[in-house]
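Chain identifiers are assigned alphabetically (A, B, ...) following the order of the sequence lines, protein sequences preceding nucleic acid strands; residue numbering begins at 1 within each chain. Quick caveat, the model's predicted, so the values are computed rather than measured.
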Amino acid sequence: MHLNCKKMSVFELSEQEIQRRETLNKIREFGIDPYPAALYPVSHTTQGIREDFVEGKEVCIAGRMMSQRIMGKASFAELQDSTGRIQVYFNRDEICSGEDKTLYNEVFKRFLDLGDFIGVKGELFTTQVGEPSINVKEFTLLSKSLKPLPLPKTDAEGKVHDAFTDPELRYRQRYADLVVNQHVKDVFIKRTKLFNAMRQFFNDAGYMEVETPILQPIPGGASARPFVTQHNALDIPLYMRIANELYLKRLIVGGFDGVYEFSKNFRNEGMDRTHNPEFTAMEIYVAYKDYNWMMDFTEQLLEHCALAVNGTTKARFGEHDIDFKAPYKRVTMRDAILEFTGFDIKGKTEEEIFAAAKGMGIDVNDTMGKGKLIDEIFGEKCEGNYIQPTFITDYPKEMSPLCKTHRNDPELTERFELMVCGKEIANAYSELNDPIDQRERFEDQLRLSERGDDEAMFIDQDFLRALEYGMPPTSGLGIGMDRLIMFLTDNQSIQEVLFFPQMRPEVKSHKLELTENEKMIFEMVQKEGAMDLNDLKTKAGLSNKQWDVSIKSLTKHGALKVVKTDAALTVELA
RNA sequence: GAUUCCGUAGCUCAGUCGGUAGAGCAAUACACUUUUAAUGUAUGGGUCCUGGGUUCGAGCCCCAGCGGGAUCACCA
């Protein structure tokens, strides 16, 4: 069947993509390399040009051509580089000083498409309407773009039309998103500024950035389902880390005063607008400090970071105006629950708290221990009320198996969480350094696990051995970096602050050949030469939908044609 | 996992009562030497997410599935 000989891949390309491939061939025939190897001697960025604009200055810049306005013998285009855009002016007689005008008429006007990378050399000037521009003397094609960008347009009032907004496409094709949506790029620039500011703050304080294992034999330091993988040579399972806490503490045992790590963590749990299977936490441990010191340190840190990222300590998040200026309010968990529910957890038994939680309409069950119950009450009734940065302190012991017992109350721990807009963004302890207490806490966790709490922790014997050598009093802090940058850039979804958020695999079904139905119809017509359409439809015995799809496809691909006569419709070979 | 909304041209979106598939931008062609959402004229472009059903006839109605968004649940 000759049909199969057709290059079916062409069917998958849009008209514009085919045209660009044809243009590419013409460019090559003309003797221009559409993907030249040589460096291009860029002398300025568009931003640099705007900041120091001098009429007549010679510049050489490179970038993508994002718009083109051709007006006969003169044209304007916009070039976009990493710092922004600038207008470039192409004048036929500037570019082609001799008789031969093909460089302008053919190369510029016909061979270039939106999205192509070009380099231009020229002089700065200002147009009659006051737009800073480059008068192009020479231009070079640097890389041909074969796929049209989803280009939005911005009108005189700055309103964006036809914006590329579909979240699925934006996340799957982040490269295109970044090209056409400047505000998306800004988010990621701020993300990097945040990391840099935090590093700076820690380094200035004399603490050391370290790296610890991502593949761990025991996934410790948090309660979460891990990803499991297999090490072939050792023939053992290894886990992607859910936290790096226990390794950083080992380093404190080893004698470092302060260590921190930006840790990519992996948790095999649900995905939604605040959870991605891999995310970034920052953890820092400082010897000879306690959680009170850490609160001071944290509020100084966040004030510093907010200033570095946004130039102000104030930030808007959805409906809320928040201010990261230190100091932050400090509220114990007992007082928080007392304030919002009127119930005092102090001195209460598990049964009393269970009954109280149930009375508040909270969904409780008997796998929950005392700590979990208190956590549920706090999460349900209190958490959402803390909009401005607030430290919630002194958590129940059972929920915090790595945290030192409170110096004044054996039921509590020296722990705080920092709440912003009702969400937790940081968690810190006076770290538990008593190895015997630590072993007991792990064993309590094991009992919880047997009771049905699938979030309880594994026992890490090597970590206990390290503690037995002695760990100085230490305070540790963990910050959810993704959530923090969400707050600093007013994004409600974690996908917006990750370059490549996890997505379901893309499903693509390409119809590369004729389907069985299409072959059958084609063969029937081939045998008969020509057939009445209704006859053919009956003989094919297909559903209406299936018939419709098949005959449309066959006529579209030029296999068959439908001829209309006065009497009836006839199908023949094309 | 539950609920709900959505899926139509490269992009953003219309699509009436079920009756031959629409617009703007982008593309192609022509005109135009300081425009800027350039403009004017003309042209091409569709697997209406997939499959099944109802119907003389489905983008539209029904069923199932796939994909996505939002809310909730889960997840310190």
Side-chain angles (χ1 to χ4, degrees), chain A residues 11-20 22-23 67-78 85 87 89-94 104 110 113-115 125-131 133 135 147-172 176 180 222-225 242-243 267-277 279 281 363 371-372 375-376 378-379 383 392 395 399-400 415 417 423-427 454-455 478 480 492-493 495 503-511 515 534 543-546 548-550 552-553 556:
Chain A
F11 287 131
E12 296 166 42
L13 295 175
S14 68
E15 187 195 18
Q16 286 186 52
E17 288 172 304
I18 294 166
Q19 264 159 6
R20 288 198 179 195
E22 283 166 3
T23 306
S67 70
Q68 214 184 5
R69 293 181 287 279
I70 296 176
M71 299 172 303
K73 300 181 185 68
S75 305
F76 291 92
E78 274 179 299
R85 289 187 188 186
Q87 178 169 273
Y89 174 65
F90 288 82
N91 183 299
R92 188 191 68 180
D93 300 328
E94 280 300 340
Y104 179 78
R110 292 182 191 282
D113 290 301
L114 298 187
F125 79 109
T126 307
T127 63
Q128 288 177 357
V129 288
E131 181 76 20
S133 307
N135 188 359
K147 203 170 168 62
L149 286 166
L151 266 181
K153 289 223 156 195
T154 310
D155 67 17
E157 286 104 54
K159 244 176 84 181
V160 179
H161 299 257
D162 302 338
F164 182 50
T165 53
D166 181 332
E168 182 188 0
L169 291 176
R170 286 180 47 235
Y171 302 153
R172 286 196 197 281
V180 303
S223 312
R225 273 205 300 281
I242 56 174
R267 297 189 182 177
N268 204 343
E269 286 164 353
M271 292 159 57
D272 61 28
R273 71 182 200 294
T274 53
H275 297 85
N276 194 65
F279 64 99
D363 186 22
K372 184 83 178 166
D375 189 42
E376 288 291 324
F378 178 77
E383 202 171 61
I392 304 298
Y395 282 61
M399 300 163 51
S400 316
R415 170 179 183 177
E417 286 193 357
K423 299 256 160 60
E424 173 210 342
I425 62 167
N427 182 20
D454 57 2
E455 295 164 23
Q492 307 290 324
S493 141
Q495 284 85 5
M503 304 282 286
R504 268 207 179 73
E506 226 169 328
V507 280
K508 264 172 124 179
S509 60
H510 287 301
K511 218 186 267 178
T515 64
N534 285 321
S543 74
N544 288 328
K545 184 87 74 179
Q546 203 54 260
D548 190 56
V549 169
S550 304
K552 274 180 183 164
S553 169
K556 186 189 165 192

Counting only side-chain heavy atoms from C-beta out, which of [options] sits nearest to [X]?
{"X": "Arg273(A)", "options": "rU34(B), rU28(B), rC72(B)", "result": "rC72(B)"}
{"X": "Asp93(A)", "options": "rU34(B), rU33(B), rG67(B)", "result": "rU33(B)"}
{"X": "Asp272(A)", "options": "rA73(B), rU33(B), rA38(B)", "result": "rA73(B)"}
{"X": "Lys153(A)", "options": "rA27(B), rC25(B), rG67(B)", "result": "rC25(B)"}
{"X": "Leu114(A)", "options": "rU33(B), rA26(B), rU34(B)", "result": "rA26(B)"}
{"X": "Val129(A)", "options": "rU35(B), rU71(B), rG68(B)", "result": "rU35(B)"}
{"X": "Tyr89(A)", "options": "rC32(B), rU71(B), rU34(B)", "result": "rU34(B)"}
{"X": "Gln19(A)", "options": "rA76(B), rU33(B), rA27(B)", "result": "rA27(B)"}
{"X": "Arg110(A)", "options": "rU36(B), rA29(B), rA37(B)", "result": "rA29(B)"}

Span that lies between the [atom1] atom of [M] and that of [N], in whole angstrom:
{"N": "rG44(B)", "M": "rG1(B)", "atom1": "P", "answer": "48 Å"}
{"N": "rC11(B)", "M": "rA27(B)", "atom1": "C1'", "answer": "12 Å"}
{"N": "rU4(B)", "M": "rA64(B)", "atom1": "P", "answer": "12 Å"}
{"N": "rA58(B)", "M": "rG52(B)", "atom1": "P", "answer": "13 Å"}
{"N": "rG40(B)", "M": "rC13(B)", "atom1": "P", "answer": "25 Å"}
{"N": "rA14(B)", "M": "rU35(B)", "atom1": "P", "answer": "36 Å"}
{"N": "rU55(B)", "M": "rC74(B)", "atom1": "C1'", "answer": "45 Å"}
{"N": "rU71(B)", "M": "rG22(B)", "atom1": "P", "answer": "38 Å"}

Does any nucleotide pair with [N] by Watson-Crick or G-U wobble geometry, both distances under 3.5 Å, and what is it?
{"N": "rU39(B)", "result": "rA31(B)"}
{"N": "rC11(B)", "result": "rG24(B)"}
{"N": "rG1(B)", "result": "rC72(B)"}
{"N": "rG67(B)", "result": "rC6(B)"}
{"N": "rU54(B)", "result": "none"}

Test log, rule side-chain contact (heavy atoms from CB on, under 4.5 Å), inputs Gln495(A) and Met503(A): CA-CA 10 Å; Gln495(A) 284 85 5; Met503(A) 304 282 286; 5.7 Å; no
Send over the distance from [X] [atom1] to [N] [atom2], rounded to a whole Å.
{"X": "Arg267(A)", "N": "rA76(B)", "atom1": "CZ", "atom2": "P", "answer": "7 Å"}
{"X": "Gln128(A)", "N": "rU33(B)", "atom1": "CD", "atom2": "C1'", "answer": "10 Å"}
{"X": "Ile18(A)", "N": "rG44(B)", "atom1": "CD1", "atom2": "P", "answer": "17 Å"}
{"X": "Arg92(A)", "N": "rU33(B)", "atom1": "CZ", "atom2": "P", "answer": "8 Å"}
{"X": "Asp375(A)", "N": "rC74(B)", "atom1": "CG", "atom2": "P", "answer": "11 Å"}
{"X": "Phe76(A)", "N": "rU39(B)", "atom1": "CZ", "atom2": "P", "answer": "15 Å"}
{"X": "Phe90(A)", "N": "rU35(B)", "atom1": "CZ", "atom2": "C1'", "answer": "14 Å"}
{"X": "Lys73(A)", "N": "rA31(B)", "atom1": "NZ", "atom2": "P", "answer": "9 Å"}

Do Ser133(A) and Glu131(A) pass the side chain to side chain donor-acceptor pair (under 3.5 Å) test, and can you show the C-alpha distance, the side-chain angles, and the key distance before you say yes or no? CA-CA 6 Å; Ser133(A) 307; Glu131(A) 181 76 20; 5.8 Å; no
List in chain and number order the residues that pass ring-ring contact (aromatic ring centres under 6.0 Å, His included) with Phe90(A), two or more places apart in sequence or in another chain; answer none if no residue qualifies.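 Phe108(A), Phe139(A).
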Which residue lies more 5' along RNA chain B, comparing Ile70(A) with Tyr171(A) via nearest heavy atoms: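 Residue closer to the 5' terminus by nearest nucleotide: Ile70(A).
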5' priority, RNA chain B, between Phe125(A) and Thr154(A) [closest heavy atom]: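 Looking at the nearest nucleotide for each, Phe125(A) comes out on the 5' side.
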Side-chain donor/acceptor contact of Gln87(A) with base of rU35(B) under 3.5 Å: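 Yes, the side chain and the base share a sub-3.5 Å donor-acceptor pair.
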Find the distance between CZ (Phe378(A)) and OH (Tyr395(A)) and round it off to the nearest 0.5 Å.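 It is 5.0 Å, given to the nearest 0.5 Å.
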From CD (Gln16(A)) to CG (Asp113(A)), nearest 0.5 Å: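 Here the rounded value is 8.5 Å.
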Check whether any side-chain nitrogen or oxygen of Arg69(A) sits under 4.0 Å from OP1 or OP2 of rA38(B), and answer yes or no.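 Checking rA38(B) against Arg69(A), a side-chain N or O does come within under 4.0 Å of OP1 or OP2.
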Can you see if the side chain of Arg172(A) gets near the phosphate of rG68(B) - specifically, an N or O under 4.0 Å from OP1 or OP2?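 Yes, Arg172(A) has a side-chain N/O under 4.0 Å of OP1/OP2 on rG68(B).
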Nucleotides 8-13 of chain B: protein proximity per nucleotide (B base, S sugar-phosphate only, - neither; heavy atom, under 4.0 Å): --BBB-
Show your reasoning for whether side-chain contact (heavy atoms from CB on, under 4.5 Å) applies to Met71(A) and Phe76(A). CA-CA 8 Å; Met71(A) 299 172 303; Phe76(A) 291 92; 3.5 Å; yes
